[in-house]
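A quick write-up on the structure given underneath.
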Amino acid sequence: MTPEQVAAGSKPAVLELGELFSRCPGTLRRARMMGIPGWAFYVTGRAGALGDIRAETVAAALGFLAPEAVADGWDTAVRVVRPLEVATANLTECCRWGAQHLDDLPGTPRLTALLERVVAAADATGMPLFAAWRAMPLPEHAEGARAAVALMLLREHFAGAYLLAVRAAGMTPLEAVLAGPEGEAGAAACGWSPPYPPVGPLVRRRLWAEAVTDRLASAGFRALRPAEGRELIELLTDVRERLRAGAASQL
């Protein structure tokens, strides 16, 4: 497999697995313990790695969230706690989730090794959030924790690459969200308010942006041999299926 093919094949699982910790009840409890709402914790937990910056800069870095919604979450949080403290708490929760859910899975040590090689080799140019998170020190070094952090980092890398690709395609972030699989529901979840622009003419541009995203993200995957790329996709698929099955069994 080529690096671009490995990036494309890995992306769906990485995007899903890399944010699971943020939906965990334990993460939401951490937000309450810090005295801030869940949305404020999410926004500041992601962008707080950039330090003490203005909400406008945060919105530019996050890209796909509505600036007004970003400002609401960011300003609410920074009145109570420093952004870097929220980011550190977010990272701690990511490690806790990984240790709880990934430590005992049979493929985790190998998955961790492959993911960390990709993250280390990834090009952070034009991706300030990914660069800031990659520079954050790990609070825990158990296999599951490292795997969870690597997944979160790689997810931020894909998100940063997609933001660059969307702008190169001549689309706004809102247009990209609307043209995505969740459409207007996704736009509303990201804080955008109607009325929304028509989607039809945007779909082809979004598909082009997806291909460019894979190209931009492929640099990190060049650290893997072709067989290792296939192995990574298989491991990611297996982890995703195991976690889905575990979640379904608890319903």
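Count residues from 1 along the sequence.
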So, do [X] and [Y] sit near enough that their side-chain heavy atoms are less than 4.5 Å apart?
X	Y	answer
V119	F130	yes
T27	W97	no
I233	M1	yes
L243	L102	yes
Q5	P226	no
E175	P197	yes
R167	P173	yes

Practice prompt. Hey, could you give me each pair passing salt bridge (Lys or Arg N to Asp or Glu O under 4.0 Å) that has a residue in residues 70-90? Not counting sequence neighbours.
Written response: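 Applying salt bridge (Lys or Arg N to Asp or Glu O under 4.0 Å) to every pair that reaches into residues 70-90, excluding sequence neighbours, yields D52-R82.
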Item to complete: Please step through side chain to side chain contact (heavy atoms under 4.5 Å, CB included) for the pair F41 and V81, ending with a clear verdict.
Response: CA-CA 10 Å; F41 186 88; V81 63; over 6 Å; no
Practice prompt. Determine, stepwise, if the pair E16 / R244 fulfils salt bridge (Lys or Arg N to Asp or Glu O under 4.0 Å).
Written response: CA-CA 11 Å; E16 179 179 334; R244 284 179 174 179; 2.7 Å; yes
[atom2] on [Y] to [atom1] on [X], rounded to 0.5 Å:
X	Y	atom1	atom2	result
L91	L138	CG	CG	6.5 Å
L114	R225	CG	CZ	9.5 Å
C95	M152	SG	CE	8.0 Å
L15	R240	CG	CZ	9.5 Å
M127	L164	CE	CG	5.0 Å
E156	E19	CD	CD	10.0 Å

Could you state whether [X] and [Y] fall into the same hydrophobic cluster, counting links through intermediate Ile, Leu, Val, Met, Phe, Trp or Tyr residues with side-chain heavy atoms under 4.5 angstrom apart?
X	Y	answer
L154	L232	yes
L153	L236	yes
V86	L62	no
I53	L84	yes
L115	M136	yes

Discussion item. Taking the ring of W39 and the ring of Y42, is the distance between their centroids below 6.0 Å?
Written reply: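 Judged by ring-centre distance (under 6.0 Å), Y42 and W39 do meet the cut-off.
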Counting N and O atoms only, with roles assigned by atom type, does the side chain of [X] sit under 3.5 Å from a partner on the main chain of [Y], one being a donor and the other an acceptor?
X	Y	answer
T108	G144	no
W74	A59	no
D214	E4	no
W133	R46	yes
R117	A223	yes

Worksheet item: Hey, is E228 close enough to R110 for a salt bridge, meaning N to O under 4.0 Å?
Response: yes
Quick one: closest heavy-atom pair of [X] and [Y], and the distance?
X	Y	value
A161	L216	O-CD1, 3.5 Å
A187	L174	CB-CD1, 4.0 Å
A47	V58	CB-CG1, 3.5 Å
G48	A87	C-CB, 3.6 Å
V78	P83	CG1-CG, 3.6 Å
A40	G73	CB-O, 3.3 Å

Excluding sequence neighbours, so at least two apart, what forms side chain to side chain contact (heavy atoms under 4.5 Å, CB included) with [X]?
X	answer
L207	V203
D123	T125, A219
E116	T112, R146, A150

Discussion item. Between R230 and E234, is the salt bridge (Lys or Arg N to Asp or Glu O under 4.0 Å) condition met? List the steps.
Written reply: CA-CA 6 Å; R230 287 191 292 271; E234 291 171 359; over 6 Å; no
Practice prompt. For the residue pair T92 and R96, confirm or rule out a side-chain donor-acceptor distance under 3.5 Å.
Written response: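 No, no side-chain donor-acceptor pair sits under 3.5 Å.
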Item to complete: Take L20 and L17 through the test side chain to side chain contact (heavy atoms under 4.5 Å, CB included) and record every step on the way to the result.
Response: CA-CA 5 Å; L20 280 182; L17 296 172; 3.9 Å; yes
Discussion item. Going by salt bridge (charged side-chain N to carboxylate O under 4.0 Å, His left out), name the residues that satisfy it together with R134, two or more places apart in sequence or in a different chain.
Written reply: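 R134 satisfies salt bridge (charged side-chain N to carboxylate O under 4.0 Å, His left out) with no other residue.
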Practice prompt. Quick one: sort the F64 and Y162 rings into parallel, tilted or perpendicular, breaks at 30° and 60°.
Written response: parallel
Worksheet entry | Stepwise side chain to side chain contact (heavy atoms under 4.5 Å, CB included) check, L105 with V239 | CA-CA 8 Å; L105 298 186; V239 168; 4.1 Å; yes
Item to complete: Determine, stepwise, if the pair R32 / L28 fulfils side chain to side chain contact (heavy atoms under 4.5 Å, CB included).
Response: CA-CA 7 Å; R32 291 194 294 270; L28 299 178; 4.3 Å; yes
Worksheet entry | Qualifying ring-ring contact (aromatic ring centres under 6.0 Å, His included) pairs, either residue in residues 163-197, two or more places apart |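 Residue pairs with at least one partner in residues 163-197: there are none.
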